[in-house]
Amino acid sequence: MNDNYYSKLANLISSLTPLEFTLTASLFGYFMSLTIPITELNSLGNWFELVGQILLTYSAQGTATPTNEQYNQLVQDVELLKQIILKK
């Protein structure tokens, strides 16, 4: 599979409404539960949990870490606030 496939899949998933998103996930989970042996469900469920945790951690770190431009602006803002505080 190439990057274009993953890009199309990501675009499809992000275009779903909240109701469609949860409904498709629920149906997918129920369908898998009916077709996969119980001994494999636990392992597969743990694998999906791990993938989800990695995605959440990666995206959280990406949004929490400022770019160089944002960092420089924060430094300037702090310096300005210091000057304002010291004047009072």
Side-chain angles (χ1 to χ4, degrees):
M1 291 185 223
N2 58 24
D3 289 339
N4 192 28
Y5 173 80
Y6 293 117
S7 177
K8 286 181 181 179
L9 182 60
N11 287 337
L12 172 68
I13 291 172
S14 64
S15 71
L16 297 175
T17 66
L19 179 62
E20 293 168 337
F21 188 80
T22 54
L23 182 61
T24 55
S26 297
L27 292 174
F28 183 72
Y30 287 126
F31 175 74
M32 289 182 66
S33 297
L34 296 173
T35 59
I36 296 174
I38 196 85
T39 55
E40 295 174 13
L41 279 176
N42 191 31
S43 179
L44 188 60
N46 286 330
W47 186 82
F48 278 124
E49 287 281 341
L50 176 60
V51 170
Q53 287 297 317
I54 291 169
L55 294 174
L56 290 169
T57 301
Y58 184 85
S59 63
Q61 187 63 25
T63 58
T65 306
T67 63
N68 285 340
E69 183 179 308
Q70 291 169 329
Y71 178 78
N72 291 336
Q73 184 62 49
L74 287 171
V75 170
Q76 289 176 4
D77 291 346
V78 168
E79 290 303 318
L80 179 63
L81 288 172
K82 283 182 185 177
Q83 292 173 5
I84 292 170
I85 291 171
L86 292 175
K87 285 183 181 179
K88 291 188 176 186

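Any value given below was found using the heavy atoms of this structure, including those in side chains, with hydrogens, waters and symmetry copies removed. Everything quoted here is computed from the prediction, not taken from an experiment.
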Glu40 (side chain) donor-acceptor with Pro37 (main chain) under 3.5 angstrom: no
Closest approach of Leu56 to Ser59 (non-hydrogen atoms, all atoms of both residues): O-OG, 3.2 Å
Whether over 12 other heavy atoms sit under 6.0 Å from Ile38 CD1: no
Euclidean distance, Tyr71 OH relative to Thr65 OG1, rounded to 0.5 Å: 12.5 Å
Joint cluster assignment, Ile13 & Leu23, ILVMFWY side-chain distance < 4.5 Å: no
Pairwise distance OG1(Thr24) to CD(Glu20) - rounded to 0.5 angstrom: 8.0 Å
Pairwise side-chain contact, Phe31 with Leu27, heavy-atom cut-off 4.5 Å (strictly under): no
Separation of Asn42 CG from Ile36 CD1 (nearest 0.5 Å): 12.0 Å
From CG (Asp77) to CG (Asn72), nearest 0.5 Å: 11.0 Å
Hydrophobic cluster membership, Val51 vs Tyr58, 4.5 Å side-chain cutoff: no
Transitive ILVMFWY side-chain link Leu81 to Val75, under 4.5 Å: no
Exercise: identify the closest heavy-atom pair between Met32 and Leu44: CE-CD2, 3.0 Å
Heavy-atom donor-acceptor pair, Thr63 side chain to Ala60 backbone, under 3.5 Å: yes
From CG (Leu16) to CG (Asn11), nearest 0.5 Å: 11.0 Å
Heavy atoms of other groups near Asn46 CG, more than 12 under 6.0 Å: yes
Trp47 reachable from Phe28 in the ILVMFWY side-chain graph, under 4.5 Å edges: yes
Asn4 vs Lys8 side-chain heavy atoms within contact, under 4.5 Å: yes
Spacing of Glu69 atom CD and Leu74 atom CG [to the nearest 0.5 Å]: 11.0 Å
